[in-house]
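Taking it in order: structure first as structure tokens, then the write-up.
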There are 2 protein chains.
Amino acid sequence: MIQTMPSDLQGAFRALADPSRREMLTRLRDGDMTIGDMAGHFPMTRAAVKKHLTILEQGRLISVHARGRERINRLEPAALKDVAGWLDYFSTFWDDKLNRLQTAVEAAEGNSK
Amino acid sequence: MIQTMPSDLQGAFRALADPSRREMLTRLRDGDMTIGDMAGHFPMTRAAVKKHLTILEQGRLISVHARGRERINRLEPAALKDVAGWLDYFSTFWDDKLNRLQTAVEAAEGNSK
DNA sequence: CCATTATAATACCATTTGGTATCATGTATA
DNA sequence: TATACATGATACCAAATGGTATTATAATGG
């Protein structure tokens, strides 16, 4: 169980905050796509799609590789794994019985104050 | 292994996008806090802290309980668990050997085009 | 009761964000 | 080579975001 707090996650969290970008990630889960491919699935211009893909790339959630005049966008799971690692810092709160003990103690403190 | 996509995560992802809010969550990990308590740890006004806590509440990452004139802010791990569940939708990409096979196949397709 | 304290509500501001439109550049291809 | 095609770059816009200041409300304590 990892208990160190990963840093440098701001770009990833920022990228994940937009629902279109999250949907783009789920589409890339099924295979690499060009910008044009991706734009075909969203009600926005290619330019807007490219902006989103750039933000995903800045968050290291995808990588972009040139192939001729196309740009192949590929899911990069490492950053997603880091985000999951950050969340794991809280995992004792949803699966550890110590959590219930702690909140019970704090509730008692609150009532007695 | 869960393979359904949790919905209604927008509020949680939005709340997690800000580094101050993520730090607030880590502080609540050590125990419930009032707005004033929290404001003591951040270089911003109480009003700003309260705005952040409201966004965390809207994302269901915390709950707020009145106690006299104070508001007790408490970590609510359920939404964090849902976020972790969403990320788990990608977990095969960082720990499954099938991933390497898939990307190898796609790279071959790309070269042959 | 009165002063203090903790929070709420509102208005306001600068910056960022998500989007468009337009034009430039590089790459296939007839 | 000429032309179409995929993308990049830039400027621009409305709305959301992160913050402040100010004022109001409500609970606590002497």
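Nothing here was measured: the structure is a model prediction, and the numbers come from that model.
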Protein-nucleotide distance (B:Arg67, atom CZ; C:dA6, atom P), rounded to Å: 13 Å
Does A:Ile72 or A:Lys51 map to a spot on DNA chain D nearer the 5' end, using the closest nucleotide for each? A:Ile72
Of the listed nucleotides D:dT20, D:dG19, C:dG18, the one nearest the side chain of B:Ala47: D:dT20
A:Ile35 CD1 to C:dT27 C1': how many Å, rounded? 14 Å
Of the candidate nucleotides D:dG18, C:dG19, C:dA8, which contains the atom at the shortest distance from the side chain of B:Lys50? C:dA8
Send over the distance from B:Met24 CE to D:dG18 C1', rounded to a whole Å. 11 Å
Given C:dG18, D:dT7, D:dG19, the nucleotide with the shortest approach to the side chain of B:Ala48: D:dG19
What is the distance from CZ of B:Arg21 to P of D:dG19, rounded to the nearest Å? 8 Å
Can B:Asp37 and B:Arg27 be counted as an ion pair, charged N to O under 4.0 angstrom? no
Tell me: CG of A:Leu53 to P of D:dA6, nearest whole Å? 16 Å
When every non-hydrogen atom of A:Ser20 is compared with those of A:Asp18, the smallest separation belongs to N-OD1, 2.8 Å
A:Met38 CE - D:dT7 C1' separation (whole Å): 15 Å
Of A:Glu70 and A:Ile55, whose closest DNA chain C nucleotide lies nearer the 5' terminus? A:Ile55
Within the structure, does a side-chain N or O atom of A:Thr45 lie under 4.0 Å from either OP1 or OP2 of C:dT20? yes
Taking CE from A:Met44 and P from D:dT7, how many angstroms apart are they, rounded to a whole number? 16 Å
For D:dA4 and A:Arg69 - does any side-chain N or O of the residue sit under 4.0 Å from the phosphate oxygens OP1/OP2? no
Does any N or O in the side chain of A:Asp32 come within less than 3.5 Å of the main-chain N or O of A:Arg74, such that one atom is a donor and the other an acceptor? no
Between C1' on C:dT7 and CG on B:Asp37, what's the gap in Å once rounded to a whole number? 13 Å
Just N and O in the side chain of A:Arg14: are any of them under 4.0 Å from OP1 or OP2 of C:dT17? yes
Side chains of B:Ile72 and B:Val64: does their closest heavy-atom pair fall under 4.5 Å? no
Does the Lys NZ or Arg CZ of A:Arg29 fall within the cation-pi geometry relative to B:Phe93 - under 6.0 Å from the ring centre and within 45° of the axis? no
Among the nucleotides D:dA6, C:dG18, C:dT20, which one has an atom lying closest to any side-chain atom of A:His52? C:dG18
Below 4.0 angstrom from OP1 or OP2 of D:dG8, is there any side-chain N or O of A:Arg71? yes
